[in-house]
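In what follows, every heavy atom counts, from backbone to side chain, and hydrogens, waters and symmetry copies are set aside.
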Amino acid sequence: MKNIMVTGGAGFIGSNFVRYMLSKYDDINIVVYDKLTYAGNLDNLEDVSQDMRYKFVRGDIADRNAVAGVLAANRVDAVVNFAAESHVDRSILDPDAFIKTDVMGVYVLLDECRKHRVDRFLQVSTDEVYGTIEEGFFKEGDPLEPNSPYSASKAGGELLVRSYHVTYGMDAVITRGSNTFGPYQYPEKLLPLFITNAIDDQPLPLYGDGMQVRDWLYVEDHCSGIDLVLHKGKAGEAYNLGGENERHNIDVIKQMLAVLGKPESLITLVVDRPGHDRRYALDNAKLHALGWEHSRTFDKALEQTVSWYVENEWWWRKIKSGEFREYYERQYGSRLK
Ligand code: NAD
Ligand code: DAU
């Protein structure tokens, strides 16, 4: 696997993955293929932009000709697909783009990979495909019961990957990651939104009672898990990739405020997200069997993440002054009134 195409590589996890792979392997070339939607940002890749082993091509995974061109021109051995519409709240407001990218886009990408005989396809999926769980932990063989347009479209994408393996014998693997946090995360997601709001002493709109449980995974650990499955995963298999750090939302936010030195009075309970999944939890045994371990504790990772947003206002202030304002008003305007 010398030539890797990273689709969606200008987003949060994708850009961290590119950095991770370039620093871990010498003998590798990476072509990032990304549409640069509102969430795609070349600032995320600025520090690798001069690396001779890295190349960027702007394009849509649903554009068959463009995908075919990149696969052929770069003699791609493996595709790691991060490209997606990724935010649950936006999928509730406007599901359209989710179906186009997370289902149709995955289909086009898979189909071209098959035609170009790409050696391995890795689909970056999510724990949300299982739906919610009150007690216990999801295993890879459990049924998929997605509850939001986002998770349903991700489940659709996964099922297409499965079908390409079973029907055409394509070498494909799937990772199901849990709630990821760290540097370069678009500030619509819980942690970067609340950290940057808190820096500005703005309210933190916590949905419902704030007692939902998420399993927090540091982005570098998400990247190392994907790398492991890419190299050692068994074709046709899915792998849970959980943070093993279950926390109630309200506790995560209180801990973040303590690190930042800001008051808990910023927390504002607002009308809940419709269909809000109560708890996600994964059994990671299959991934551990490949040799995966965390790189640091949740406390350490949270401290480092808070520091990164404090030290990198140049990165998030630009974003929060653009398209984001309109979205924020639409999503939170009436909730915060
Ligand atoms: P993100 O929204 O930050 O980035 C998505 C990237 O995909 C952006 O660069 C965007 O421009 C690009 N993109 C969108 N539509 C495209 C298209 N049609 N063609 C080409 N590029 C397109 O997302 P993220 O948080 O980095 O998530 C990356 C992947 O990981 C997604 O597939 C998501 O479902 C999955 N995932 C995310 C998390 C999480 O907590 N963030 C957890 C588990 C899985
Ligand atoms: O579990 C993996 C998934 O995690 C990924 O597949 C998604 O791409 C990613 O966006 C994330 O989905 P969530 O919906 O869990 O993440 P989000 O950051 O939007 O919300 C985390 C929790 O915080 C969730 O319970 C909703 C709550 N929340 C979120 C926002 C944005 C709030 O209470 N208030 C908010 O303003």
**Test log, rule side chain to side chain contact (heavy atoms under 4.5 Å, CB included), inputs Ile226 and Tyr20** = CA-CA 11 Å; Ile226 290 171; Tyr20 178 88; over 6 Å; no
**Prompt:** Do the side-chain N and O atoms of Arg296 and Gln304 include a donor-acceptor pair separated by under 3.5 angstrom?
**Reply:** yes
**Prompt:** Where is the tightest heavy-atom contact between Phe56 and Ala10, given as atom of each residue plus distance?
**Reply:** CE1-CB, 4.4 Å
**Message:** Could you check whether Arg64 and Tyr107, counting side-chain N and O atoms only, form a donor-acceptor pair closer than 3.5 Å?
**Reply:** yes
**Message:** Check Arg278 with Glu134, please: is the shortest side-chain N to carboxylate O separation under 4.0 Å?
**Reply:** no
**Asked** Does Phe181 have its ring centroid less than 6.0 Å away from the ring centroid of Phe298?
**Response** yes
**Item:** Lys318 and Asp43 ion-paired at < 4.0 Å
**Value:** yes
**Request:** Scan for salt bridge (charged side-chain N to carboxylate O under 4.0 Å, His left out) pairs involving residues 191-207, sequence neighbours excluded, and state none if there are none.
**Result:** Asp200-Arg317, Asp201-Lys262
**Message:** Do the side chains of Glu128 and Lys154 get close enough for a salt bridge, i.e. N-O under 4.0 angstrom?
**Reply:** no
**Request:** For residues His87 and Tyr38, establish whether the separation of their ring centroids is below 6.0 Å.
**Result:** no
**Message:** Any salt bridge linking Lys2 with Asp77? Criterion: basic side-chain nitrogen under 4.0 Å from a carboxylate oxygen.
**Reply:** no
**Prompt:** So, Tyr164 and Asp111: side-chain donor and acceptor under 3.5 Å apart, yes or no?
**Reply:** yes
**Message:** Any heavy-atom pair between the side chains of Glu158 and Arg176 that's under 4.5 Å?
**Reply:** yes
**Request:** Could you check whether the rings of Tyr332 and Tyr328 sit parallel, tilted or perpendicular, using 30° and 60° as the cut-offs?
**Result:** tilted
**Asked** Can you tell if the side chain of Leu282 reaches within under 4.5 Å of the side chain of Leu241, non-hydrogen atoms only?
**Response** no
**Prompt:** Under 30°, 30 to 60°, or over 60°: which ring-plane class applies to Tyr309 and Trp315, parallel, tilted or perpendicular?
**Reply:** perpendicular
**Message:** Using the rule that Ile, Leu, Val, Met, Phe, Trp and Tyr join whenever any side-chain heavy atoms are under 4.5 Å apart, tell me whether Tyr280 and Ile253 fall into a single cluster.
**Reply:** no
**Asked** Salt bridge between Asp142 and Lys139, side-chain N to carboxylate O under 4.0 Å?
**Response** no
